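Shown next, in structure tokens, is the structure this report addresses.
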Amino acid sequence: PKCLLEFGGLTLLERHCRNLSACGIARLSLCVGYAADQIAGALRDIAQPAALLHYNPLYTLGSSVSLWSVRHALAGGDDVVLMDADVLYHPDILRRLVRSPAANCFLMDREFAPGDEPVKICVAGNRIVEFRKRIAPDLSYDCIGESVGFFKFDAATALRLARLIDAYVADGRRDQPHEEALRDLALASDVHIGVEDITGLPWLEIDFPEDLIRANDEVLPLIDVS
């Protein structure tokens with residue numbers, strides 16, 4: 001599992017737990033599928049026994065099913081920080097999200113490699129006008145950046161996201177990435193989602209073997225500074 005990859009002697013999972021704890025967040029809900037027993041064991045080893053594991057037996061399908069599997073955490077009546085687990089990042093990135101004055105917030109990095117892989121955030125004025133990997137060539141926007149994969153929602157908006165992803169699964173759209181439901185939320189006219197610009201802070205999503213080299217050689221030295 002990518003969350004158990006080690007960088008500088010710490011797994012991504014342990015780094016997440018430390019960073020969340022430093023931001024005052026103690027209650028964790030994790031969607032697990034592949035090698036779920038390994039993740040459960042790792043949580044015990046790093047003294048996170050209270051973390052709730054939500055097993056998704058359909059983890060080979062789209063990530064919308066993964067988000068659907070933690071819908072009860074989204075609908076629990078609390079503010080929520082939603083995170084991808086395969087990201088190595090500077091702790092200030094998470095602090096920026098948690099401390100943002102926006103009740104609902106996405107993170108954006110304006111320095112990103114072009115192509116179809118990054119999920120892009122396009123902003124016009126003070127609103128998100130697109131949130132997808134592929135952007136229509138005629139779309140008008142003021143600013144574009146890559147999504148870090150971390151999001152903050154107040155209780156009401158988290159509940160709305162839970163209902164959106166529930167509809168995705170009920171309608172047979174289980175093969176869709178969870179970003180599509182986030183896009184629906186971001187583009188809704190009656191929801192305002194702020195954007196925090198974290199450009200300049202080091203981070204990397206671990207998707208490919210070459211990312212492991214970049215993570216160790218380029219990103220980690222900028223994060224683990226003594």
Side-chain angles (χ1 to χ4, degrees), residues 1-5 11-13 15-17 20 27-43 48 51-76 78 80-89 104 106-107 112 115-122 128 130-136 146-153 157-188 191 193 203-212 215:
K2 287 193 287 183
C3 70
L4 297 186
L5 292 171
T11 65
L12 290 180
L13 180 61
R15 289 176 179 272
H16 293 323
C17 291
L20 287 164
R27 290 197 297 160
L28 308 179
S29 293
L30 289 83
C31 170
V32 295
Y34 171 71
D37 56 337
Q38 293 183 35
I39 298 172
L43 285 168
Q48 290 287 341
L52 295 178
L53 299 184
H54 303 263
Y55 181 68
N56 171 24
L58 303 176
Y59 62 86
T60 59
L61 298 178
S63 58
S64 61
V65 183
S66 298
L67 185 56
W68 179 79
S69 72
V70 293
R71 64 196 183 281
H72 297 303
L74 293 173
D78 294 313
V80 171
V81 170
L82 175 66
M83 303 171 64
D84 293 344
D86 58 352
V87 181
L88 177 67
Y89 60 98
N104 304 298
F106 287 14
L107 296 176
F112 68 99
D116 290 339
E117 183 59 30
V119 176
K120 302 161 190 71
I121 300 175
C122 298
I128 296 173
E130 188 55 283
F131 180 75
R132 260 184 179 163
K133 291 186 175 183
R134 295 187 178 184
I135 305 300
E146 181 178 0
S147 170
V148 177
F150 300 168
F151 314 91
K152 182 179 74 169
F153 303 109
T157 308
L159 174 60
R160 183 160 173 171
L161 178 58
R163 290 171 175 168
L164 273 171
I165 203 65
D166 206 24
Y168 265 66
V169 173
D171 295 343
R173 291 178 284 172
R174 297 184 300 177
D175 60 336
Q176 293 294 305
H178 70 288
E179 287 91 356
E180 284 298 293
L182 290 169
R183 178 181 183 269
D184 292 344
L185 193 65
L187 301 187
V191 175
I193 294 177
W203 69 282
L204 182 67
E205 182 180 5
I206 312 298
D207 281 330
F208 306 106
E210 55 266 31
D211 292 334
L212 297 174

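The structure presented is a predicted model; accordingly, all values stated were derived computationally and were not measured.
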Heavy atoms only: give me the nearest [X]-[Y] pair and the separation to one decimal.
{"X": "Val65", "Y": "Leu61", "value": "CG2-CB, 4.3 Å"}
{"X": "Cys3", "Y": "Thr11", "value": "O-CB, 3.7 Å"}
{"X": "Leu5", "Y": "Ile206", "value": "CD1-CG2, 3.8 Å"}

Heavy-atom side-chain proximity of Leu28 to His16 below 4.5 angstrom: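 No; the side chains remain at least 4.5 Å from each other.
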Side-chain touch Ser147/Phe131, heavy atoms, less than 4.5 angstrom: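 Yes - at least one pair of side-chain heavy atoms lies under 4.5 Å apart.
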For Glu146, all residues meeting side chain to side chain contact (heavy atoms under 4.5 Å, CB included), sequence neighbours excluded: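 Checked Glu146 against side chain to side chain contact (heavy atoms under 4.5 Å, CB included); matches are Phe112, Pro118, Trp203.
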To the nearest 0.5 angstrom, please state how far the [atom1] atom of [X] sits from the [atom2] atom of [Y].
{"X": "Ile128", "Y": "Arg183", "atom1": "CD1", "atom2": "CZ", "answer": "11.5 Å"}
{"X": "Lys2", "Y": "Asp207", "atom1": "NZ", "atom2": "CG", "answer": "4.5 Å"}
{"X": "Met83", "Y": "Leu30", "atom1": "CE", "atom2": "CG", "answer": "10.0 Å"}
{"X": "Asp86", "Y": "Leu4", "atom1": "CG", "atom2": "CG", "answer": "12.0 Å"}
{"X": "Leu185", "Y": "Leu187", "atom1": "CG", "atom2": "CG", "answer": "9.0 Å"}
{"X": "Glu130", "Y": "Ile135", "atom1": "CD", "atom2": "CD1", "answer": "4.5 Å"}

Set of salt bridge (Lys or Arg N to Asp or Glu O under 4.0 Å) partners for [X], sequence neighbours left out:
{"X": "Asp175", "result": "none"}
{"X": "Lys120", "result": "none"}
{"X": "Glu205", "result": "none"}

Report the residues that fulfil side chain to side chain donor-acceptor pair (under 3.5 Å) with [X], sequence neighbours left out, ordered by chain and then residue number.
{"X": "His54", "value": "none"}
{"X": "Asn104", "value": "Thr157"}
{"X": "Arg174", "value": "none"}
{"X": "Arg15", "value": "Asp224"}

Partner set under ring-ring contact (aromatic ring centres under 6.0 Å, His included) for Phe153, not counting sequence neighbours: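 Once residues adjacent in sequence are excluded, Phe153 has no partner under the ring-ring contact (aromatic ring centres under 6.0 Å, His included) criterion.
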Worked verdict on Arg71 versus Val169 for side chain to side chain contact (heavy atoms under 4.5 Å, CB included): CA-CA 11 Å; Arg71 64 196 183 281; Val169 173; over 6 Å; no
Chi angles and distances behind the side chain to side chain contact (heavy atoms under 4.5 Å, CB included) call for Leu182, Val119: CA-CA 11 Å; Leu182 290 169; Val119 176; over 6 Å; no
Verdict with reasoning, Leu88 to Leu12, per side chain to side chain contact (heavy atoms under 4.5 Å, CB included): CA-CA 7 Å; Leu88 177 67; Leu12 290 180; 3.9 Å; yes
Side chain Ser63, main chain His178, donor-acceptor under 3.5 Å: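 Pair found, side chain donor or acceptor close to backbone of His178.
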Lys/Arg-Asp/Glu bridge criterion (N-O < 4.0 Å) met for Arg134, Asp116: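 Asp116 and Arg134: salt-bridged.
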Can I get a per-line list of side-chain donor-acceptor pairs under 3.5 Å for residues 31-42, giving both atom names and the distance, sequence neighbours left out?
none

Side chain to side chain contact (heavy atoms under 4.5 Å, CB included) assessment of Leu67 paired with Leu74: CA-CA 9 Å; Leu67 185 56; Leu74 293 173; 3.9 Å; yes
Side-chain donor-acceptor contacts of residues 160-168 below 3.5 Å, not counting sequence neighbours, with atom names and distances?
from	atom 1	to	atom 2	distance (Å)
Arg160	NH1	Asp190	OD1	3.2
Arg160	NH1	Asp190	OD2	3.0
Arg160	NH2	Asp190	OD1	2.9
Asp166	OD1	Trp68	NE1	2.8
Tyr168	OH	Glu180	O	3.3
Tyr168	OH	Asp184	OD2	2.8

